[in-house]
Amino acid sequence: TTPVPEPTQARKPNTNADPGHPQGTALTTSQGAVLRDTDHSLKAGPRGPVLLQDHHLREKITHFDHERIPERVVHARGAGAHGTFTSYGTGSRICSAAFLAEGVKTPLFVRFSTVAGSRGSADAVRDTRGFATKFYTEEGVFDLVGNNMPVFFIQDAIKFPDVVHSVKPHPDLEIPQAQSAHDTFWDFVSLHTQAQAHAMWVMSDRGIPRSFRMMEGFGVHTFRMIAADGQSSLVKFHWKPKLGVHSLVWEEAMLANGADPDFHRRDLSDAIKAGAFPEWELGLQVFEDNEGQSFDGIDLLDPTKFVPEELVPIQMVGKMVLDRNPSNYFAETEQVAFHPGHLVPGIDVTNDPLLQGRLFSYIDTQITRLGGPNFSQLPINLPHAPVNDMLRDGMHQTYIHEGIAPYHPNSLDGGCPYQAGEGDNSKMPFIDFPELVAESVKGRSNPVSFDDHFSQARMFYRSLQAHERRHVQQAYSFELGKCASEVIRARQLQALANIDVQLCAAVARELGLPVPGADTEVVDREPCPSVSQALGSWPVD
Ligand code: HEM
């Protein structure tokens, strides 16, 4: 079981409560009164009306009536597992986080998910997959809340409600369930062409993984790491599955969804049960924290862009093994609450506008989903580091806090001093990194580099093998074939023409539509710089 940390003096769990249930051997009410009958309600005679005074009946049904909590607004369907991260120590050259020091083992919980479908939807649908990891480090919780694709649909969090409304079922009849078979989805991505790169990944075989165990994971955004000497680097996180990357073909996915909608969830838990523990290596692409925060023309603050591994190889920093299934889906997989702002000293956010908006969104939605502000006290969310936060009261408060002075500074409860190390930037969490903020004019504009919407979709498509390209053509043809609006289909074909004319022609042929010409200049990337050049920022032993 997950070790529960020793309570600090300032925060004690209710000593009457034991988180382990059931207790004792006899059936009781929720108040601990022993029951003799839970099969028959209290009636006025064997055929008589049921009596309002039957508190056990009302308690049992009332509790049942409230068993469901709102599902996640996105990523509602998920499967989780417990495991351990073992650090190789290589990351500590650029990052002071304690869990990256050599040999440190950190317990963790991972939740894999689909994005668009509801909690009861099928597993093997064409969609992006969530890959969220909660590291219970000795310095507090670090959440790596990533996906199985390295790019995202939008560049700015203000667009998140728009993109999600476009992938959810139509509001009138709540169909279709599948993400990409919508008029609304193709309407959005063809109008809002920054979504084209991510759409290309979803149309590729990556959109229908064979197994969670065979997926890569990406932190997507660029993060900042701070070394013990205060030196800052920019990084992108990567999970590499030991089993390699494998996908279903479309016909297999459709069969799997019909025959076993729990296909991925079952695969994960069966593998763990059988002792075939899934493994991933965690790797980093490391970039110099330069003024432009870009690499070889790729804007590192644009989450619709990725940096090819051929340009910046991934440096492995540790290994994750998943070896324990949840013992209660609701308590663990459903109640887990990830947040991209759950960081530990040595890891910081960047000014990627999508990431900045996420920092607000997750806690906001979790206050609704988990019924108030105290969800970090749920066992699955509990840090394995001492917590002394001066946060008090609120819905579902389970601690009986001691003392009278939950404010800082105070001279009544021992003052509650800061930790030693104050002022040491390498040991301060995100808010304190002394980043220079450029003097600029307040406004809503993007950097010009954000206007490039097609080069990365083209690069990804052209990196695929012939049979993979054929799958992409078939996926676009199938999904756009479900789109009722001719105008939207033609608009999306125009976007494909801007990405790759041959891809566009193949899809247009299938749809029986004319092939548009590219209306933007198609520019291929410059030849790759040498790997050693690309690795300039990685400290070498
Ligand atoms: C949930 C990833 C962008 C809002 C999730 C989850 C993942 C994820 C993996 C599921 C976590 C779990 O298993 O519980 C990502 C990635 C993004 C991204 C990789 C972009 C790079 C955004 C943006 C917003 C957002 C821009 C909002 C502005 C949410 C919300 C949830 C969620 C509200 C549900 C959280 C909950 O109910 O606990 N995201 N997301 N996400 N995401 Fe994102």
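Whatever order the structure lists ligands and atoms in, that order sets their numbers, starting from 1. From a predicted model like this one, the values you see are computed outputs, not experimental measurements.
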Closest to atom 19 (C) of ligand 1 among protein heavy atoms sits Asn147 ND2, 3.1 Å

Is the NZ or CZ atom of Arg491 both under 6.0 Å from the centre of the six-membered ring of Trp186 and within 45° of that ring's axis?
no

Heavy-atom nearest pair, Leu370 first then Glu334, reads CD2-O, 4.5 Å

Atoms in ligand 1 flagged as close to Val220, the criterion being non-hydrogen separation under 4.0 Å:
19 (C), 21 (C)

Does the His165 side chain pair with the main chain of Pro161, one donor and one acceptor, at a distance under 3.5 Å?
yes

Scan Thr350, Asp302, Asp352 and name whichever one has a side chain to side chain donor-acceptor pair (under 3.5 Å) with His221.
Asp352

Could you list which atoms of ligand 1 come closer than 4.0 Å to a heavy atom of Leu354?
20 (C), 21 (C), 26 (C)

For atom 11 (C) of ligand 1, what is the nearest protein heavy atom, given as residue, atom name and distance?
Phe338 CD1, 3.8 Å

Numbering the atoms of ligand 1 from 1, which are under 4.0 Å from a heavy atom of Val73?
33 (C)

Should we say atom CZ of Phe360 is surrounded by more than 12 heavy atoms from elsewhere, each under 6.0 Å from it?
no

Can an N or O of Arg111 be found at a distance shorter than 3.5 Å from an N or O of ligand 1?
yes

Of all residues at least two apart in sequence or in a different chain, which pass the side-chain hydrogen bond (donor to acceptor under 3.5 Å, both in side chains) check with Arg206?
Glu216

Per-atom contacts, ligand 1 versus Gln366 - under 4.0 Å to a heavy atom
36 (C), 38 (O)

Could you find the nearest protein heavy atom to atom 20 (C) of ligand 1 and give me its residue, atom name and distance?
Phe152 CD1, 3.4 Å

Quick one: nearest non-hydrogen protein atom to atom 37 (O) of ligand 1, plus distance?
Arg369 NE, 2.7 Å

Under 2.8 Å from atom 43 (Fe) of ligand 1, which protein atoms of type N, O or S occur, listed by chain and number?
Tyr362 OH

Tell me if the aromatic rings of Trp201 and Phe152 count as close, with their centers under 6.0 Å from one another.
no

Could you check whether Phe218 and Trp239 have their ring centres less than 6.0 Å apart?
no

Nearest to atom 35 (C) of ligand 1, what protein heavy atom do you find, and at what distance?
Thr365 CG2, 3.7 Å

Heavy-atom contacts with Phe131 under 4.0 Å: which atoms of ligand 1 show up? List them by number with element.
9 (C)

So, does Gly146 sit close enough to ligand 1 that a heavy atom of it is under 4.0 Å from the ligand?
yes

Shortest non-hydrogen contact between Phe450 and Pro353, atoms and distance
CE2-CG, 4.0 Å

Is the centre of the Tyr362 ring less than 6.0 Å from the centre of the Phe338 ring?
no

Below 3.5 angstrom, do we get any N/O pair linking Arg72 and ligand 1?
yes

Distance from atom 21 (C) of ligand 1 to nearest protein heavy atom, with residue and atom
His221 NE2, 3.3 Å

Write down the atom of Val286, the atom of Ser233, and the distance for their closest heavy-atom approach.
CG1-CB, 3.9 Å

Considering only NZ, NE, NH1 and NH2 on the basic side and carboxylate oxygens on the acidic side, decide whether Glu309 and Lys240 come within less than 4.0 Å.
yes

Does a side-chain N-to-carboxylate-O contact under 4.0 Å join Lys305 and Asp299?
no

